[in-house]
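Please read these numbers as outputs of a predicted model, since none were measured by experiment.
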Amino acid sequence: MPFTRTTSGLSNLHLFYDSDIIVFTEGGTQTFTLQEIEEGKYSTNSVDIKFWKNIFDINGLEKKVSFRAIGSKTASKSICEKIVNGEIHNIVVAKDRDLDEYVDTIYISPFILYTKGYSWENDVFIKDLTYEQIENMLLTAETPDEVNSIIDKVFNDFKRIGKNLAKLEIMFRKNGVKFISDMNGERFFNAKTHALINKEQFFQVLKEKKVLLDKPRMTTFSGPSICPFMTNYGKLLEALSMTVISYICKRFCNIKSIPKDIITISMIERFANKIKRVRDEYYFNLVTNLQNA
């Protein structure tokens, strides 16, 4: 039996990697079951790892960390349960908040770290950082007023409908069905024509999926107030930002193709620089609590 198949094996795993803690993240190129994770399988290449490493470094975590991307939310939930039940130690789970505050369980432990919003994309693909990215790619001395107007229009347009989209997702989840969070965010945009979100696509999805609900109903929401940007499906916010970047760069810079992965890495670094300049209290407190645990 592999060493890590036991509870004590998971707890002592850090010793084999010259680390104080092992940090499991969701994301990565593969998805692993809990059994596979306990057998020592994982990925080391993940944007989630890059995001959380920045969070730890910027906020002064002194513990030595070994990261493991495991992909599976189901597996990470099982590890969270072992942490809160005191079955394992020296293990950390860094995970997306998703809509757990509304439809699932939020685990309370300094060793379970949630993103501030739905996912790390909600922190990274925000209006200010999107503007910074576009400004960096423009070949003009000053950003044209028309560019500023387009960015404002796109994000204001999303703000008007974002809260209702989040409510629909929560309603569907409470009825056991995903609304749009199992879809590619790019479905709802078309940078070739304009940067605005395609609302007709949402109506189409609603029409297709409402038949899956036995008794569709808008439930009473408990939990924090719904934010059109932080509560929504992170991949949708990523697509919003990517679309406006692509649209403006094609129109004003004649840049016809932008590698998505390069922009993603750049945006993560922009967020890191932002919280270096101005401390993000949420993530600072997460790291402080982990350091003191």
Side-chain angles (χ1 to χ4, degrees), residues 26-27 47-48 51 73-74 76-77 94-107 112-130 151-190 195-245 264 267 271 280 282-283 286:
E26 299 172 344
V47 290
D48 294 69
F51 176 82
K73 181 171 182 176
T74 301
S76 73
K77 184 174 182 177
K95 67 196 308 291
D96 292 342
R97 182 172 295 275
D98 203 301
L99 294 174
D100 291 355
E101 289 165 306
Y102 305 96
V103 300
D104 205 337
T105 301
I106 290 288
Y107 298 100
I112 301 174
L113 314 179
Y114 288 93
T115 52
K116 184 164 55 175
Y118 185 105
S119 63
W120 62 265
E121 287 93 339
N122 300 68
D123 278 310
V124 169
F125 292 99
I126 61 175
K127 179 181 177 181
D128 290 350
L129 299 185
T130 300
I151 297 170
D152 287 342
K153 184 176 181 180
V154 167
F155 278 87
N156 288 337
D157 181 64
F158 185 87
K159 184 178 181 179
R160 282 191 290 270
I161 66 170
K163 195 168 186 177
N164 286 333
L165 291 178
K167 285 183 176 181
L168 279 169
E169 186 69 46
I170 295 169
M171 181 192 76
F172 272 84
R173 295 279 196 95
K174 283 180 174 288
N175 285 274
V177 180
K178 290 185 176 181
F179 177 40
I180 63 168
S181 57
D182 57 352
M183 298 180 178
N184 191 318
E186 281 86 354
R187 169 175 177 166
F188 304 98
F189 298 90
N190 184 357
L196 295 173
I197 196 165
N198 186 347
K199 301 177 183 66
E200 289 302 318
Q201 281 292 314
F202 291 107
F203 290 123
Q204 181 63 34
V205 173
L206 184 60
K207 181 179 179 181
E208 293 171 359
K209 288 201 170 184
K210 68 180 182 180
V211 298
L212 301 176
L213 305 182
D214 293 331
K215 295 180 180 179
R217 57 194 176 88
M218 187 64 79
T219 57
T220 301
F221 300 108
S222 58
S225 60
I226 294 172
C227 171
F229 294 104
M230 296 304 286
T231 311
N232 258 301
Y233 178 38
K235 296 297 183 185
L236 189 63
L237 272 297
E238 177 188 49
L240 172 75
S241 176
M242 287 285 192
T243 299
V244 71
I245 291 170
T264 297
M267 293 291 283
F271 177 70
D280 185 296
Y282 175 80
Y283 288 113
L286 277 189

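Residues A239 and T243 approach most closely at O-OG1, 2.6 Å, considering heavy atoms. Residues I126 and T130 share a closest heavy-atom pair of O-OG1, 2.7 Å. The two residues K163 and I226 have their closest heavy-atom pair at CE-O, 3.6 Å. When all heavy atoms of V177 and L213 are compared, the closest pair comes out as CG2-CD2, 3.7 Å. Nearest heavy-atom pair, G185 versus L236, reported as atom, atom and distance to 0.1 Å: O-CD1, 4.2 Å.
Between R173 and D98 a salt bridge is recorded (basic side-chain N to carboxylate O distance below 4.0 Å). The pair E26-K95 counts as a salt bridge, with a side-chain nitrogen and a carboxylate oxygen less than 4.0 angstrom apart. Between D100 and K77, none of the side-chain N atoms (NZ, or NE/NH1/NH2) sits under 4.0 Å from a carboxylate O, so this pair counts as no salt bridge. Between K127 and D152, at least one side-chain nitrogen of the basic residue sits less than 4.0 Å from a carboxylate oxygen of the acidic one, meeting the salt-bridge criterion. Looking at D157 and K199, a side-chain N of the basic residue comes within less than 4.0 Å of a carboxylate O on the acidic one, giving a salt bridge.
Aromatic pair F271/F51: ring centres closer than 6.0 Å. Taking the six-membered ring for Trp and the full ring otherwise, F229 and F158 have centroids separated by under 6.0 Å.
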- [ ] Please test L206 against F172 for side-chain contact (heavy atoms from CB on, under 4.5 Å), starting from the C-alpha separation and ending with a verdict.
- [x] CA-CA 10 Å; L206 184 60; F172 272 84; 3.7 Å; yes

- [ ] Walk me through it: do L240 and F125 pass the test side-chain contact (heavy atoms from CB on, under 4.5 Å)?
- [x] CA-CA 8 Å; L240 172 75; F125 292 99; over 6 Å; no

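Panel note: side chain T115, backbone G117; a donor-acceptor pair is recorded below 3.5 Å. Under the 3.5 Å distance criterion, the side-chain polar atoms of Y233 are matched with a main-chain donor or acceptor of M183. At distances below 3.5 Å, not a single donor-acceptor pair connects side-chain atoms of N164 with backbone N or O atoms of I161. Checking side-chain atoms of N232 against main-chain N and O of Y118 turns up no donor-acceptor pair under 3.5 Å. When atom types are taken as modelled, the side chain of K209 and the backbone of I180 share no donor-acceptor pair closer than 3.5 angstrom. Looking at E169, its side chain does come within 3.5 Å of a backbone N or O of F179 through a donor-acceptor pair.
Annotation: side chain of N122 is not in contact with side chain of R97 (no heavy-atom distance under 4.5 Å). Here the side chains of N198 and F189 are not in contact, with every heavy-atom distance at 4.5 Å or above. Between F202 and I197, the closest side-chain pair of non-hydrogen atoms falls below 4.5 Å. In this structure, the side chains of T264 and M267 stay at 4.5 Å or more apart for every pair of heavy atoms.
Between the side chains of E200 and Q204, no donor-acceptor pair of N or O atoms lies under 3.5 Å. Residues Y283 and D123 bring a donor and an acceptor atom of their side chains to less than 3.5 Å of each other.
L99 contributes atom CG, which lies 7.5 Å from atom OG1 of T231 (distance to the nearest 0.5 angstrom). One finds the NZ atom of K174 at 10.5 Å from the CG atom of D104 (value rounded to the nearest 0.5 Å). The structure places NZ of K116 at 10.0 Å from CG of L286, a figure rounded to the nearest 0.5 Å. Interatomic distance, CG of L165 versus OG of S181, reported as 12.0 Å (0.5 Å rounding).
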